[in-house]
Amino acid sequence: MTDVFVGLGSNLADPAAQLGRAIAELAALPNTTLVAQSPFYASKPVGPQAQPDYVNGAAWLSTSLKPHVLLNHLQNIERAHGRERLQHWGPRTLDLDVLLYGQQTLNDDRLTVPHAQLSQRDFALQPLLDLNPKLTLPDGTALALLRQQCPDNQLRKLPLVARNDHA
């Protein structure tokens, strides 16, 4: 089993609810256990600013799924949430990114791990640090150090909302 950290983001169609449903779907993936989920954060969009603020979080999974098989599952979940890839860094119902896959480094036409922009994204780093403050990149760089050096994206921790599992 490999510890994998998935970033979640949404800024359309009740973003916090989108992330909540996605967490449940991640927990239901085959050969995968949800270890923990981070608090959710609101932040300004990266890229075009004429869109709603984002809600972001992270999930810590333990899985035996290979990286590209996991990516296929994540993209299927995105599509089930109505994800359309119309504009680079544009608004979306759900975005699921493999941020870290154990201590592996991957870089091909479909998947880059660690996520290529991780060091520049406070909305990804902070949820990861909430899950495990001692996380490092495969090269040994502490995520806590990256977070200190990261540009400010007006990150705001959202209050916990009671879940209604019967909805």
Side-chain angles (χ1 to χ4, degrees), residues 1-43 45-46 52-85 91-106 108 110-118 121-138 143-144 146-147 155-167:
M1 300 296 277
T2 303
D3 285 330
V4 177
F5 293 86
V6 175
L8 300 92
S10 174
N11 72 340
L12 297 175
D14 195 353
Q18 293 281 358
L19 297 193
R21 286 192 302 275
I23 294 281
E25 291 166 302
L26 292 172
L29 289 175
N31 305 310
T32 301
T33 301
L34 175 66
V35 176
Q37 75 177 68
S38 76
F40 294 160
Y41 291 86
S43 66
V46 171
D53 284 356
Y54 274 81
V55 174
N56 292 95
W60 179 352
L61 306 176
S62 178
T63 187
S64 62
L65 297 175
K66 298 297 181 202
H68 290 88
V69 173
L70 176 62
L71 178 63
N72 292 340
H73 283 288
L74 299 184
Q75 290 176 340
N76 287 339
I77 293 170
E78 288 177 340
R79 279 192 291 279
H81 283 249
R83 169 77 187 264
E84 296 177 320
R85 297 176 188 273
R92 58 202 65 178
T93 53
L94 184 62
D95 186 29
L96 299 174
D97 291 320
V98 179
L99 301 176
L100 298 169
Y101 188 94
Q103 288 295 304
Q104 291 190 36
T105 300
L106 301 165
D108 62 36
R110 290 195 61 220
L111 184 60
T112 300
V113 178
H115 190 279
Q117 301 299 317
L118 182 58
R121 304 281 168 81
D122 59 354
F123 56 83
L125 289 167
Q126 188 58 56
L128 290 175
L129 291 169
D130 289 337
L131 291 171
N132 182 345
K134 296 182 181 185
L135 277 175
T136 63
L137 296 179
L143 268 61
L146 294 177
R147 176 67 178 98
L155 199 63
R156 301 167 314 279
K157 189 173 186 177
L158 297 177
L160 293 176
V161 178
R163 284 184 38 187
N164 180 356
D165 291 345
H166 303 290

What's the separation between atom [atom1] in [X] and atom [atom2] in [Y], rounded to the nearest 0.5 Å?
X: F123; Y: L8; atom1: CZ; atom2: CG; answer: 12.0 Å
X: L129; Y: D122; atom1: CG; atom2: CG; answer: 11.0 Å
X: L74; Y: L26; atom1: CG; atom2: CG; answer: 6.5 Å
X: D95; Y: L12; atom1: CG; atom2: CG; answer: 11.5 Å

TODO: Check step by step if side-chain contact (heavy atoms from CB on, under 4.5 Å) holds for L70 and L29.
DONE: CA-CA 9 Å; L70 176 62; L29 289 175; 3.9 Å; yes
Which residues pass the side-chain contact (heavy atoms from CB on, under 4.5 Å) test with [X], not counting sequence neighbours?
X: L71; value: Q75, R110, L111
X: A17; value: D14, R21
X: S64; value: M1, N31
X: A124; value: L99, L118, R121

Q | Qualifying residues under salt bridge (Lys or Arg N to Asp or Glu O under 4.0 Å), relative to D3, sequence neighbours excluded | A |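 D3: no salt bridge (Lys or Arg N to Asp or Glu O under 4.0 Å) contacts found.
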At their closest point, which heavy atom of [X] faces which heavy atom of [Y], and how far apart are they?
X: N56; Y: G9; value: ND2-CA, 3.4 Å
X: A22; Y: H81; value: N-CE1, 4.1 Å
X: G57; Y: F40; value: CA-CD2, 4.1 Å
X: L143; Y: L128; value: CD2-CD1, 3.5 Å
X: P138; Y: Q103; value: CA-OE1, 3.0 Å
X: L155; Y: R147; value: CD2-NH2, 3.7 Å

Do [X] and [Y] make a side-chain contact, defined as non-hydrogen atoms from C-beta onward lying under 4.5 Å apart?
X: L19; Y: L94; value: yes
X: V113; Y: T105; value: no
X: Q104; Y: P114; value: no

Open item on the list: Under a 3.5 Å distance rule, please check whether S38 uses its side chain to pair with a backbone N or O of A58 as donor and acceptor.
Closed with: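 Answer holds: yes.
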Can a donor-acceptor pair be found, under 3.5 Å and without considering hydrogens, that links the side chain of Q18 to the backbone of A13?
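Looks like yes, one N/O pair under 3.5 Å.
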Using side-chain contact (heavy atoms from CB on, under 4.5 Å), reason through H68 and D108 one step at a time and then give a plain yes or no. CA-CA 10 Å; H68 290 88; D108 62 36; 2.6 Å; yes
My understanding is that only residues two or more places apart in sequence, or in another chain, count here; which of them pass side-chain hydrogen bond (donor to acceptor under 3.5 Å, both in side chains) with [X]?
X: D130; result: Y41, Q126
X: T2; result: none
X: S10; result: none
X: T112; result: N107

> If you look only at pairs with a residue in residues 2-28, which of them pass as a ring-ring contact (aromatic ring centres under 6.0 Å, His included), with sequence neighbours excluded?
Replying inline: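 Applying ring-ring contact (aromatic ring centres under 6.0 Å, His included) to every pair that reaches into residues 2-28, excluding sequence neighbours, yields F5-W60.
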Pairs where residues 7-38 contributes a residue and the test ring-ring contact (aromatic ring centres under 6.0 Å, His included) is met, not counting sequence neighbours: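 Every pair satisfying ring-ring contact (aromatic ring centres under 6.0 Å, His included) with a residue in residues 7-38: there are none.
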Exercise for the section: Kindly indicate, with the supporting measurements, whether the criterion side-chain contact (heavy atoms from CB on, under 4.5 Å) is fulfilled by V4 and V98. Expected result: CA-CA 7 Å; V4 177; V98 179; 4.2 Å; yes
- Task: May I have all residue pairs that pass salt bridge (Lys or Arg N to Asp or Glu O under 4.0 Å) and include part of residues 25-38, sequence neighbours excluded?
- Result: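 Sorted result for residues 25-38: empty, none.
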Apply side-chain contact (heavy atoms from CB on, under 4.5 Å) to the pair L61 and T33, showing each step before the final yes or no.
CA-CA 6 Å; L61 306 176; T33 301; over 6 Å; no
